[in-house]
Each structure stands twice: as structure tokens, then as C-alpha cells.
There are 2 protein chains.
Amino acid sequence: MPPVSTVGPGRRPPREEVRRALLDAAAQVFARQGVDGASVGDVAAAAGFTKGAVYSNFGSKDDLVAALVEDKVSAYLELGLAAVSDTDASLGDKARALGDRLTRAADEQRDWQLLFLELWQRAVRSGATGGAFVDRRRELHAAVTDAVTAHLDRAGVAPPLPAAELATLLMALSNGLALERQIDPAGVPDDLFGRVLALVVGDPGAS
Amino acid sequence: MPPVSTVGPGRRPPREEVRRALLDAAAQVFARQGVDGASVGDVAAAAGFTKGAVYSNFGSKDDLVAALVEDKVSAYLELGLAAVSDTDASLGDKARALGDRLTRAADEQRDWQLLFLELWQRAVRSGATGGAFVDRRRELHAAVTDAVTAHLDRAGVAPPLPAAELATLLMALSNGLALERQIDPAGVPDDLFGRVLALVVGDPGAS
DNA sequence: TCTGCTCGATACCGCTCGGTATCCAATACC
DNA sequence: GGTATTGGATACCGAGCGGTATCGAGCAGA
């Protein structure tokens, strides 16, 4: 049985478009079913294609995952950087705003959190050093450190911890609370993150 | 070809012993290869048995995973509770000691951390409510809340956050920092956790 | 219009997996 | 010591996977 023009009236979409669709579908499907739990065919189907498209655009399933890391983790880095963009408020208010923003972002992207967690696992399992995931992670940490330094300087307060450690703390707290919130949303108030951040930088605030 | 007494000189180990060996092997193999990445045969072989033993002691692979959750998460709960056992030191010193202890525990059990992360993922994916993992988690949280309350009372200081939120914070920080430490050990000093805890409870300490 | 190439669709292969039916040695019981 | 039962070993099945070879429709260039 010859094919009957599977998708639409025989239009051939640009290659870059196919690649993007596959990458987006991979993010969604892998997040929901797990990387091992989802087949290459599942990803392709979710994007409206077949396995052939995947193997034409990516060499293997592992390559697809690698491309996904490159793509999504870079995007995450940008999101993280945007979240620490400055305002002219007090340090405590900025801390609270940042916490709220990150908490909201985590809520809105539960799928991505799940995928993120799995990529993290894979990075750890396959020898932490050298992976793209680890590299991007380090970039993010460096950028956060810089931003923390800048805001502390501008506020003119003595940091309770070295800036690099504050950055680590910030990221760890973000991940830890997101994890906690996924499994028990009621146990983590919306503003907890912000209040803790304000507390750490020495501005308990007036509630 | 009749079997030639596969394991040793035909001794038959007690059932409970086999079950334990399989459970321990499952923890190790699943942690290293992932639950999906490891086959039932892999687990059995690691324990010195074959698939038959697994299906005799557990109904299915899922049941094996469930038993593992029950077994290991309970053990984790006990470890967590032991870690908050009291001393007569100052609140700040206690916080630092707790942080160091949890950090050390995380270092010594990287395999378990990995497995823990995967079980967490599975719990979230299969509808967070009702799973044994979530239940144990809640138990732990309640116990930590109680312990926090007790220590704050004894020290006679006003808590900077409600005890329940402090417990959430403690657990989130523990997981977040462990995560961070797995992927970049150098970026998370040994005593960071302790210092942050001391800071949060209002005792920056000397040094 | 013809031609050569790109790239997704299709069919297929080898392999591994979870799960089951069967078998038989070691134990427990009387 | 004879007998019933327990429980791990073995062989096997169907399903689904990642990956590949091939095909042919659509596009670009002349």
C-alpha cells in the first residue's frame, strides 16, 4: 500500500522546523514518561512524524538526548539569569521577589522540572565531569555569583556568606523546594522561598 | 543437560535471607543503572540468583520496586531521625553538627541518593497522592517538625519561621545541597550546610 | 521540463525484556 | 525413611525496542 501523503497535502516543512518540533516533543514526552520509558517512535509521533525523521535529524536516541540537554539547559540558564535581573527595591524585597518568581516558574513548568531531574541523574551516572549539562550548570552558577555580588555591593551590606556560596545556596534551595513542592504542594507555601532568602541576607522584613 | 547445583553444594538459604539479598542487590543495581535500565535478571544475578528467585519472592518488577521503597525509605526515615537526636550544645552548634552529619551521610551514600531521586520521580509521575514514598516522606516531615520544635523550645529562642516551615526548609536544603554536591563536589564546602542552618536560626557563630 | 539530491516514511532485523510454565532438589513433617 | 511441599533454576514466549536499508515524494538549479 503506497503512502497517501501522511501529513497534509504533501508540503515539506523546512528542516529547522522539523528539528524544533522533534526537540519540543522530546522534552514533553521524555518528561512525562522518562527517557527510558519513552521510545523514539513516541517522540516522533508526538511531533507528528515517524522514527525516520528522528534518525535523519539526530544520529541516535542518545544524540537526541544530548541535543535536548544543549537546547533546554541553555534556555534554563537564560531564564535563571532573567530572574535575577535588578530592581531598585531594598535587598529584602528583591530577595522576596526573586523567591516568588522562581517558585512560580517551578509551578508553571512541572514537566520541565521532571526532565531536569532526569538529566541531572544521567549526568551524575555517566561520570559527572565533561558533560554539557555540568558545563551549563557551572555557567549558571558563575552568573548567579556575579549577580549576587552586584546586588550585595549595591545594597552595601556585608554578605553573611561568600557570594559563591550564596549562589550555591540559592540554586540548592531552588531545586530542593521545587522537589518538595512537586510531591507535596501544600507543604511549601508560595512565599516560603522568598522569606528564607530575605532571612539569609539579614532582612527579615515586616511581613 | 540437568542442572549441576548452581550455587554452592546445594545449600538452600532461608527465604528471608534470599529476600534481603535481592532487596540489597536491587538497591545497588537500580541506583547504578536506573530502574528502567536494569533488568530483573541483572538484579537477581547481582544477588547470586536467577530471575526465578525474584518472581518467587516478589510478584513483578513493580512489586520489587515497591518493596524497595518500603524497605529503604523506612531506613532513611530512621537515619533522618537519628541525625536530629539531641545534644546539650548551643543551638548554633547543634545546627552545625546536624549539617555536617547530613552532608557526610550524603557523601557516603551516593548510590542511595541516586536511587532516592529516581523513586522521587516515580512517585511524582504516578500521581503523587497515596504512594508509600509520599507517605513516608510525610512521616519524616512530621518527625522533623517535632524535633525542630523541641530544640527551639529548649533553647528558648523565637523561631524565625514556623517549625513546620523550618522542617520543610531543612529537608529541601538537604536534598538540594546533596544534588549540588553530587554534580560538583568542590562547589559545596563540607560545612556549608551547617553554617547556613546556624545562620537561619540566628546564630552566625564565631570562626 | 528534466535531473539529481534531500530527507521523511516504511518495512524489517536482531535483540532484550518482563513474565510464565515447568521441573526438580532440598527441606519439613510424621 | 517415606512423603508432601516449598522455592529457585530453566526454558520459553510475545512484545517492544533501537537501529538500518530502502524507497519515493518534493525541491532546487539549469
Side-chain angles (χ1 to χ4, degrees), chain A residues 1-26 29-30 32-69 118 122 125-126, chain B residues 1-26 29-30 32-69 118 122 125-126:
Chain A
M1 186 190 304
V4 202
S5 175
T6 320
V7 52
R11 281 283 315 177
R12 161 112 66 131
R15 188 160 178 76
E16 201 53 40
E17 206 171 288
V18 175
R19 197 187 147 90
R20 264 255 61 81
L22 288 173
L23 237 27
D24 290 343
V29 172
F30 283 160
R32 284 207 240 267
Q33 310 182 29
V35 174
D36 288 316
S39 73
V40 175
D42 289 341
V43 171
F49 297 96
T50 62
K51 283 202 300 178
V54 174
Y55 282 98
S56 170
N57 281 277
F58 310 90
S60 66
K61 189 181 187 180
D62 279 344
D63 285 356
L64 173 61
V65 173
L68 193 60
V69 171
E118 187 154 4
R122 289 174 85 91
R125 268 203 262 265
S126 57
Chain B
M1 187 191 303
V4 202
S5 176
T6 319
V7 51
R11 281 285 313 179
R12 158 110 66 131
R15 188 159 179 76
E16 202 53 41
E17 204 171 290
V18 175
R19 197 187 147 91
R20 264 256 61 81
L22 288 173
L23 236 28
D24 290 343
V29 172
F30 283 160
R32 285 207 238 270
Q33 310 181 30
V35 174
D36 289 318
S39 72
V40 174
D42 289 342
V43 171
F49 297 96
T50 61
K51 284 203 300 177
V54 174
Y55 282 99
S56 170
N57 281 276
F58 310 90
S60 67
K61 189 181 186 179
D62 279 345
D63 286 354
L64 173 61
V65 173
L68 193 60
V69 170
E118 186 153 4
R122 291 188 145 238
R125 268 203 262 266
S126 56

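Treat the numbers as computed from the prediction; the structure is a model and nothing was measured. Below, chains carry the letters A, B, ... as their sequence lines are ordered, and counting in each starts from 1.
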For A:Gly52 and A:Gly37, take the nucleotide of DNA chain D holding the closest heavy atom to each; which residue's nucleotide lies nearer the 5' end?
A:Gly37
To the nearest Å, how far apart are B:Leu64 CG and C:dC17 P?
15 Å
Name the nucleic acid region contacted by A:Ala47, choosing base, sugar-phosphate or nothing; use a 4.0 angstrom heavy-atom cut-off, strictly under.
nothing
Return the minimal non-hydrogen interatomic distance between B:Leu23 and B:Ala67, and the atom names on each side.
CD1-CB, 4.2 Å
I need the NZ-P distance between A:Lys51 and D:dG16, as an integer number of Å.
13 Å
Quick check against the 3.5 Å criterion: does B:Ser126 have a side-chain atom that pairs as donor or acceptor with the backbone of B:Arg122?
yes
In whole Å, I'd like the distance from the CD atom of B:Glu16 to the P atom of D:dG8.
11 Å
Looking only at side-chain atoms of A:Val18, point me to the closest of C:dG18, D:dC17, C:dG8.
C:dG8
Find the distance between CG (B:Asp36) and CD (A:Glu118) and round it off to the nearest 0.5 Å.
8.0 Å
Measure from the side-chain heavy atoms of B:Ala53 and tell me the nearest of D:dG8, C:dC7, D:dG18.
D:dG8
D:dC17 OP1/OP2 closer than 4.0 Å to side-chain N/O of A:Ser39
yes
B:Asn57 side chain near D:dG7 phosphate (N/O to OP1/OP2, under 4.0 Å)
no
Would you kindly give the CG-to-P distance between A:Leu22 and C:dC7, to the nearest whole Å?
13 Å
Do B:Lys61 side-chain and C:dG19 base share a donor-acceptor contact under 3.5 Å?
no
Here the distance between atom P of D:dC17 and atom CD of A:Gln33, to the nearest Å, is 10 Å
Can you measure B:Glu17 atom CD to D:dG7 atom P for me and round it to whole angstrom units?
14 Å
Per side-chain contact (heavy atoms from CB on, under 4.5 Å), B:Val35 is matched among B:Val65, B:Asp62, B:Leu68 by B:Val65
Over all strands shown, is A:Ala44 touching base, sugar-phosphate only, or nothing at heavy-atom distances under 4.0 angstrom?
nothing
Separation of A:Phe58 atom CZ from C:dC7 atom P, in whole Å?
13 Å
Per B:Ser60 side chain, nearest of listed nucleotides C:dG19, D:dT10, D:dC17:
C:dG19
Could you work out which one of D:dG8, C:dG19, C:dG18 sits closest to the side chain of B:Phe49?
D:dG8
Considering non-hydrogen atoms only, spot the tightest contact between B:Val43 and B:Ala25 and give its length.
O-CB, 3.6 Å
Whole angstrom value for the distance that separates C1' of D:dG18 from CG of A:Asp63:
13 Å
The nucleotide from D:dT20, C:dG8, C:dG18 with an atom nearest the side chain of A:Tyr55 is D:dT20
Looking at D:dG7, C:dG8, C:dC17, which one has an atom nearest to any side-chain atom of B:Ser56?
D:dG7
